[in-house]
Amino acid sequence: MLRVTVEGKERSVEDGKLIADLFEDRSVLAARLNGRLVDLSAPLEDGAEVEPVRFDTEEGRDLYWHSASHLMAQAVKQLFPEARVAIGPAVPEGFYYDFEVPKPFTEQDLARIEKRMKKLSQQRVRVEHRWLGREEALELFRSRGENYKVELIENLPDERISVYQQGDFVDLCRGPHVADTGRIKAIKLLSVAGAYWHGDEKNPMLSRIYGVAFPSQEQLDEHLARLEEAKRRDHRKLGVALDLFSFHEEAGAGLMFWHPKGAVLWRMIEQYWVKEHLAAGYQLIRTPQIARGHLWETSGHYAHYRENMYTLMVDEEEYVLKPMNCPGHMLIYKTRVHSYRDLPLRLTEWGTVHRYERSGTLHGAMRVRGFTQDDAHIFCTAEQVESVVREVVELSLKILRGFGFEEFRIDLSVRDPNHAEKYFGTDEQWQMAEGVLHKVLQDIGLPFHRAEGEAVFYGPKIDIKLVDALGREWQCPTCQFDFNLGERFNLRYTGEDGQHHGVFLVHRTVLGAIERFVGILTEHYGGAFPTWLAPVQARVMAVTDAQNDYARQVYDRLQQRNLRVEIDARSDKIGYKIAEAERMKVPWMLIVGAREAEAGTVSVRRHGRGDLGPQPVERAMESILEEVAVP
RNA sequence: GCCCAUGUAGCUCAGUCGGUAGAGCACUUCCUUGGUAAGGAAGUGGUCGCCGGUUCGACUCCGGCCGUGGGCUCCA
């Protein structure tokens with residue numbers, strides 16, 4: 001008899017029993033055996049501690065999707081025997097598998113593969129784990145023509161190679177996996193895409209299939225509904241539908257045109273942002289769009305960033321369309337001698353920059369070639385660094401909360417201590433800066449992730465990701481030290497001691513790029529912006545033509561209070577006008593018919609909430625005005 | 001940049017075998033004057049992304065270019 005602890009409870013089981021024998025429940029996918037993740041087929045030993053692993057945990061989902069990717073590979077090999085399998089891991093939203101095939105898969109192939117997967121699932125094919133010797137494994141995959149697997153094994157240091165077999169399909173894999181294909185229930189293959197072997201464009205292009213799977217159809221349906229919701233909120237669709245912005249083939253890819261309604265968003269965001277920044281001691285500046293090549297030599301961009309820069313010839317000299325605002329800000333700093341009494345100096349600019357991005361990386365408003373950064377550079381002394389960083393992080397969080405974001409994920413990127421030579425700046429500078437960033441995050445009390453080796457070469461940084469209404473993460477604010485630029489431009493200040501000292505330079509943005517931020521806001525709110533941001537805050541609608549004069553009076557009163565208001569005096573039925581206003585997501589709809597005209601009221605309807613009944617015009621207006629103030 | 005898909009009216013999309021194009025919505029006009037998510041009729045609107053080729057003839061077939069979309073090592 002073996003004595004084992006299962007979910008904290010002691011049990012005895014017969015010798016030779018497997019973990020699978022402990023759980024009748026088929027929702028158990030694998031187990032933790034003494035803390036190690038193992039297959040259900042793993043043998044029990046005396047004194048073992050066993051915890052079941054189900055789909056409801058991250059590791060459970062990972063192995064479930066990993067098993068689903070194997071199931072897909074099995075189906076693909078049956079339908080396309082000439083396919084070579086490459087790699088097939090789980091990813092945060094499902095799984096994929098890469099194949100080398102004579103011609104790439106099509107959407108039609110996906111339906112066939114999915115069908116075969118379901119068939120294999122119904123057959124409950126056993127998934128068996130085996131250990132092979134290195135040579136044995138190489139021979140196995142060589143004989144099957146799986147040269148990608150052979151390459152992978154050749155790069156493995158181990159003498160024992162782990163493989164999984166399900167029916168006619170065998171794959172190199174560390175595991176663990178579900179015990180049989182019947183565990184993979186509700187399956188959906190989503191898309192096919194090209195992917196390079198090892199992600200390197202010098203390698204052959206493989207055909208990748210993405211999919212997702214769940215233990216129940218309900219969970220799959222829910223997941224697909226979430227994907228649908230994301231599609232409905234797509235800023236590219238809403239941008240057109242709400243008349244916010246456009247892109248034009250004749251103007252060039254990645255260049256955004258702001259329509260009146262989109263420009264209102266820009267203006268309101270800027271207005272709120274400027275208010276907060278002036279209160280925090282920032283000073284607004286402006287710098288030119290182009291500058292001589294010389295400046296970019298000084299800054300180092302010529303040497304390291306050239307392939308992303310647009311250049312133009314002027315009188316036989318090369319000028320650069322600015323890809324960054326930093327060098328311009330350095331020049332302004334250098335126009336006078338600075339005393340420690342002037343610091344910290346906070347220079348900020350909504351600076352429009354242009355960067356050549358590879359065509360394949362462009363994406364709606366989220367990734368463009370011309371965009372405006374809410375940029376700032378803070379020049380300070382060593383003593384001021386901590387308070388400067390603290391105020392940057394606090395200001396960032398405050399502003400994002402003002403836009404309705406409540407949840408954040410914070411990354412602290414520090415240098416790789418084993419490769420100190422890769423970085424610019426002294427050990428003292430790095431230690432001090434990293435220490436300060438760490439301390440500030442601790443003091444603020446929000447959880448953060450310390451990413452070793454993720455710092456850029458010129459300094460450590462804090463990145464803040466905001467979480468939107470659909471739980472997606474967007475990295476916007478960043479706060480980074482720059483030990484490089486200060487030296488390149490030889491930035492100095494005069495200290496209390498009368499000596500020159502190098503400044504500490506902090507580079508930061510809150511929104512990142514305005515184009516992208518408006519895209520994020522649009523998706524976060526699904527286009528239904530809060531009243532203070534809404535391009536149109538209220539629309540007055542007459543029930544019949546007989547109320548058009550009264551509607552005009554109401555409209556005038558709202559406009560006199562600086563509300564962004566429209567009037568709908570067309571000869572259409574009120575239901576039609578409401579449908580359109582709802583579709584345009586106008587937050588306040590004011591309906592006036594004969595009764596309202598008689599009583600001097602308006603019927604108030606809120607977007608998404610419906611009819612709130614009649615109110616005196618003054619009261620309705622006050623309610624709107626309450627929501628109009630920037631946060 | 002590369003792979004795949006894709007580009008037809010302002011928007012969403014049909015268009016068979018190669019014989020120069022359709023629908024719904026939007027827009028304009030007329031009828032309708034109505035009470036909380038789409039009343040009716042008529043009309044306007046297209047160099048079928050661009051350039052070239054094959055053909056008697058190209059939205060359709062071929063080539064190049066441009067745009068758009070999904071992707072391009074979160075370790076077998």
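Chain naming here is simple, since letters A, B, ... match the order of the sequence lines and numbering starts at 1 in each.
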Could you check whether [X] gets within reach of a base, just the sugar-phosphate, or nothing at all, counting any heavy atom under 4.0 Å?
X        : result
A:Tyr356 : sugar-phosphate
A:Val91  : nothing
A:Ala193 : base
A:Ala90  : sugar-phosphate
A:Phe105 : nothing
A:Lys577 : nothing
A:Ala594 : base
A:Tyr210 : sugar-phosphate

Is it true that [X] and [Y] make a salt bridge, defined as a side-chain N closer than 4.0 Å to a carboxylate O?
X        : Y        : answer
A:Arg409 : A:Glu473 : yes
A:Arg208 : A:Asp98  : yes
A:Glu523 : A:Arg472 : yes
A:Glu146 : A:Lys77  : yes
A:Asp411 : A:Lys465 : yes
A:Lys231 : A:Glu228 : yes

With rounding to the closest Å, how many angstrom separate the [atom1] atoms on [N] and [M]?
N     : M     : atom1 : answer
B:U60 : B:U47 : P     : 15 Å
B:A21 : B:G46 : C1'   : 8 Å
B:C66 : B:U20 : P     : 32 Å
B:G71 : B:G63 : C1'   : 26 Å
B:C62 : B:A9  : C1'   : 28 Å
B:G45 : B:U29 : P     : 16 Å
B:A23 : B:G15 : C1'   : 11 Å
B:G70 : B:U8  : C1'   : 22 Å

Does the side chain of [X] get closer than 4.0 angstrom to OP1 or OP2 of [N] through an N or O atom?
X        : N     : value
A:Arg570 : B:G34 : no
A:Arg208 : B:A5  : no
A:Thr544 : B:G34 : no
A:Arg236 : B:G69 : yes
A:His363 : B:G70 : yes

Does the plane of the ring in [X] sit parallel, tilted or perpendicular to the ring in [Y]? Use 30° and 60° as the thresholds.
X        : Y        : value
A:Phe257 : A:His248 : perpendicular
A:His301 : A:Tyr305 : perpendicular
A:Phe169 : A:His70  : perpendicular

For [X] and [N], what is the distance between atoms [atom1] and [atom2] respectively, to the nearest whole Å?
X        : N     : atom1 : atom2 : value
A:Arg134 : B:A76 : CZ    : C1'   : 13 Å
A:Asp109 : B:C4  : CG    : P     : 14 Å
A:Tyr96  : B:U73 : OH    : C1'   : 6 Å
A:Asn155 : B:A76 : CG    : P     : 14 Å
A:Asp234 : B:U68 : CG    : C1'   : 12 Å
A:Glu357 : B:U68 : CD    : P     : 13 Å
A:Leu172 : B:C75 : CG    : P     : 15 Å
A:Glu598 : B:G35 : CD    : C1'   : 16 Å

Is there a donor and acceptor pair, one atom on the side chain of A:Tyr196 and one on the base of B:C3, closer than 3.5 Å?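 No.
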
Could you write nucleotides 9-14 of chain B as a row of B, S and -, 5' to 3', where a protein heavy atom under 4.0 Å of any base atom gives B, of only sugar-phosphate atoms gives S, and otherwise -? ------

Treating primed atoms plus P, OP1 and OP2 as sugar-phosphate and everything else as base, which nucleotides of nucleotides 36-44 of chain B get B, S or - for protein heavy atoms under 4.0 Å? BBBB-----

Please check this pair: side chain of A:Tyr64 against backbone of A:His177, looking for a donor-acceptor N/O pair closer than 3.5 Å.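 Side chain of A:Tyr64 to backbone of A:His177, a donor-acceptor pair under 3.5 Å: no, none is there.
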
Residue [X], side-chain atoms from C-beta onward, closest of [options]:
X        : options             : value
A:Leu156 : B:A76, B:C72, B:C2  : B:A76
A:Asp545 : B:G34, B:G49, B:C74 : B:G34
A:His198 : B:C74, B:U73, B:C66 : B:U73

Taking atom CD as the centre, does A:Glu598 end up with more than 12 heavy-atom neighbours from other residues, nucleotides or ligands that are less than 6.0 angstrom away?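 Atom CD in A:Glu598 is not packed in, count stays at 12 or less.
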
Taking side-chain contact (heavy atoms from CB on, under 4.5 Å) as the criterion, tell me which of A:Val617, A:Thr601, A:Ile567, A:Val565 meets it with A:Val554.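 Only one option passes, and that is A:Val617.
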
Salt bridge (Lys or Arg N to Asp or Glu O under 4.0 Å) evaluation trace for A:Arg570 with A:Glu580: CA-CA 12 Å; A:Arg570 295 174 297 183; A:Glu580 187 186 84; 3.0 Å; yes

Applying the Watson-Crick and G-U criteria (both distances under 3.5 angstrom) with [ ] for crossing and | for other-strand pairs, one obtains for RNA chain B (((((((..((((.....[..)))).(((((.......))))).....(((((..]....))))))))))))....

Of A:Tyr97 and A:Trp197, whose nearest nucleotide on RNA chain B comes first from the 5' end?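 Of the two residues, A:Trp197 wins.
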
Step-by-step salt bridge (Lys or Arg N to Asp or Glu O under 4.0 Å) determination, A:Arg415 to A:Glu452: CA-CA 6 Å; A:Arg415 67 180 170 166; A:Glu452 305 286 342; over 6 Å; no

Hey, mind stepping through A:Glu627 and A:Arg606 against salt bridge (Lys or Arg N to Asp or Glu O under 4.0 Å) and telling me if it holds? CA-CA 12 Å; A:Glu627 291 189 7; A:Arg606 290 304 312 273; 3.2 Å; yes

